Amino acid sequence: MSGVIVTNPPKADAKDVDALAGFGVATVSEAMGRTGLLGPEIRPVQQGVRVAGTAVTVLSWPGDNLMIHAAVEQCGEGDILVVTTTSPSTDGMFGELFATALQQRGVRGVVTNAGIRDTQELRDMGFAAWARAVSSQGTVKATGGSVNVPIAIDGQVVRPGDVILADDDGVVVVPRERARATVEASEAREAKEAKTRAAFIDGQLGLDRYGLRDTLKRLGVEYRTYEEYAGEGAGS
């Protein structure tokens, strides 16, 4: 497998990346029309952590972390390393030593649909990680791959320089050219949710706020008292 290492790709504006860090993954995905999620199998190894950064992408051979070593050189302040493999793999391709090197370069975390290990050490050092699997299985350094090229995770394309936002709910990617618009859409969504939250605190029901009673009626859903329902069942 041959490959390429692309240097200095375009990145989303740092101000927009930091602004997106103020929103949850669910909010940002909804703000983009329920798109951008990397899939429910990518889970955090820690809790209560949210990070946003610009993607440095890695395409590796399964069971081989050579290209992660190559990618470290391409990583810098505010980046998030995003790793996939050419075919499914759960081997522990990333661990505490990689995290140490990346943390010194200002990298905010790692996302991979392969495996990671040294999870306790990662939590202790405060290096955020999201992965498809946790595995102690080691890897080799023998096969070429690529860095900073478009990759796909669960059918979702991630390009170098796109915004990666990750929290307890998962991971979402925001195309770099849509970062500012997504910040604005997320702000509008949060403002709308704040009004809804206040209405629910005041006792309003979602059935009424969202006009769902007409929807139930249109779908043929009927209200019955317990006696009516029990009587209908007894007579059948």
Side-chain angles (χ1 to χ4, degrees), residues 8-58 68 71-72 74-84 94 98-99 101-113 116 119 122-123 125-132 147-154 156-194:
N8 301 317
K11 296 183 178 183
D13 188 276
K15 292 182 179 179
D16 294 332
V17 175
D18 291 342
L20 284 168
F23 306 105
V25 165
T27 294
V28 170
S29 176
E30 292 280 358
M32 292 195 298
R34 298 190 297 279
T35 63
L37 294 174
L38 299 196
E41 292 186 349
I42 309 297
R43 304 301 305 148
V45 303
Q46 67 285 310
Q47 290 292 303
V49 174
R50 179 187 297 157
V51 297
T54 43
V56 172
T57 61
V58 181
I68 298 180
V72 171
Q74 304 304 316
C75 289
E77 187 71 35
D79 286 333
I80 291 179
L81 189 69
V82 185
V83 182
T84 191
F94 185 97
F98 272 137
L102 291 173
Q103 199 169 58
Q104 295 305 308
R105 302 177 76 87
V107 174
R108 296 174 177 174
V110 62
V111 173
T112 177
N113 69 341
I116 60 173
T119 56
L122 296 181
R123 288 189 290 270
M125 66 189 294
F127 191 84
W130 285 257
R132 178 184 171 209
V147 176
N148 278 333
V149 299
I151 61 174
I153 295 179
D154 282 355
Q156 179 63 56
V157 175
V158 180
R159 302 170 304 163
D162 284 348
V163 184
I164 297 294
L165 175 67
D167 62 17
D168 289 348
D169 291 339
V171 184
V172 64
V173 57
V174 179
R176 57 182 181 260
E177 66 272 13
R178 294 181 59 188
R180 171 42 42 184
T182 302
V183 170
E184 295 171 354
S186 298
E187 290 172 342
R189 182 171 181 82
E190 282 214 335
K192 180 181 178 181
E193 288 186 347

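Everything numeric in this text was worked out from a predicted model, so none of it was measured.
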Student: Going by the rule side-chain hydrogen bond (donor to acceptor under 3.5 Å, both in side chains), which residues pair with N148 if we only count those two or more places apart in sequence or in a different chain?
Tutor: none
Student: Would you please name every residue forming a side-chain contact (heavy atoms from CB on, under 4.5 Å) with A185, sequence neighbours left out?
Tutor: A31
Student: Quick check: closest heavy atoms across D79 and G76, and the distance to 0.1 Å?
Tutor: OD2-N, 2.7 Å
Student: How long is the span from the CD1 atom in I153 to the CG atom in L38, to the nearest 0.5 Å?
Tutor: 5.0 Å
Student: Applying the side chain to side chain contact (heavy atoms under 4.5 Å, CB included) test to V171, which of L165, V111, V158 qualifies?
Tutor: V111
Student: Is the closest side-chain heavy-atom distance between Q74 and P9 below 4.5 Å?
Tutor: no
Student: For residues I80 and V107, report the shortest heavy-atom separation together with the two atoms involved.
Tutor: CA-CG1, 4.3 Å
Student: Filter on salt bridge (Lys or Arg N to Asp or Glu O under 4.0 Å), then keep only pairs touching residues 33-44, sequence neighbours left out; what's left?
Tutor: E41-R132
Student: Calculate, to the nearest 0.5 Å, the distance between atoms CD and CD1 belonging to Q156 and I42 respectively.
Tutor: 12.0 Å
Student: Quick check against the 3.5 Å criterion: does R176 have a side-chain atom that pairs as donor or acceptor with the backbone of P160?
Tutor: yes
Student: Does R105 have any side-chain hydrogen bond (donor to acceptor under 3.5 Å, both in side chains) partners at least two apart in sequence or in another chain, and if so, which?
Tutor: none
Student: Can you name the residues that form a side-chain hydrogen bond (donor to acceptor under 3.5 Å, both in side chains) with T182, not counting sequence neighbours?
Tutor: none
Student: At their closest point, which heavy atom of V51 faces which heavy atom of A128, and how far apart are they?
Tutor: CG1-CB, 4.2 Å
Student: From F94 CZ over to T119 OG1, what is the distance, rounded to the nearest 0.5 angstrom?
Tutor: 12.5 Å
Student: Can you tell me how far apart OG (S186) and CD (E30) are? Round to the nearest 0.5 Å.
Tutor: 10.5 Å
Student: Does S29 have any side-chain contact (heavy atoms from CB on, under 4.5 Å) partners at least two apart in sequence or in another chain, and if so, which?
Tutor: L37, V172
Student: Which residues pass the salt bridge (Lys or Arg N to Asp or Glu O under 4.0 Å) test with R159, not counting sequence neighbours?
Tutor: D162, E177
Student: With sequence neighbours excluded, what pairs up with E187 under the side-chain hydrogen bond (donor to acceptor under 3.5 Å, both in side chains) test?
Tutor: none
Student: Can you pull out every salt bridge (Lys or Arg N to Asp or Glu O under 4.0 Å) where at least one residue sits in residues 12-23? Sequence neighbours excluded, please.
Tutor: D16-R180, D18-R108
Student: Considering all heavy atoms of both residues, which atom of P44 and which atom of D167 are nearest to each other, and what is their separation?
Tutor: CG-O, 4.2 Å
Student: Is the closest side-chain heavy-atom distance between V58 and I151 below 4.5 Å?
Tutor: no
Student: For F23, enumerate each residue passing the ring pair (Phe, Tyr, Trp, His ring centres under 6.0 Å) test, keeping only those at least two apart in sequence or located in another chain.
Tutor: none
Student: Nearest 0.5 Å, please: how far is OG1 in T54 from CD1 in I164?
Tutor: 9.5 Å
Student: Would you name the heavy atoms of T57 and V149 that are closest together and state the gap between them?
Tutor: OG1-O, 2.6 Å
Student: Suppose we screen for salt bridge (Lys or Arg N to Asp or Glu O under 4.0 Å). Which residues come up paired with E193, at least two apart in sequence or across chains?
Tutor: R189
Student: Once side-chain contact (heavy atoms from CB on, under 4.5 Å) is applied, do any residues pair with Q103, and if so which ones, sequence neighbours excluded?
Tutor: M125, F127
Student: Quick one, F98 and L81 - any side-chain contact, counting heavy atoms below 4.5 Å?
Tutor: no
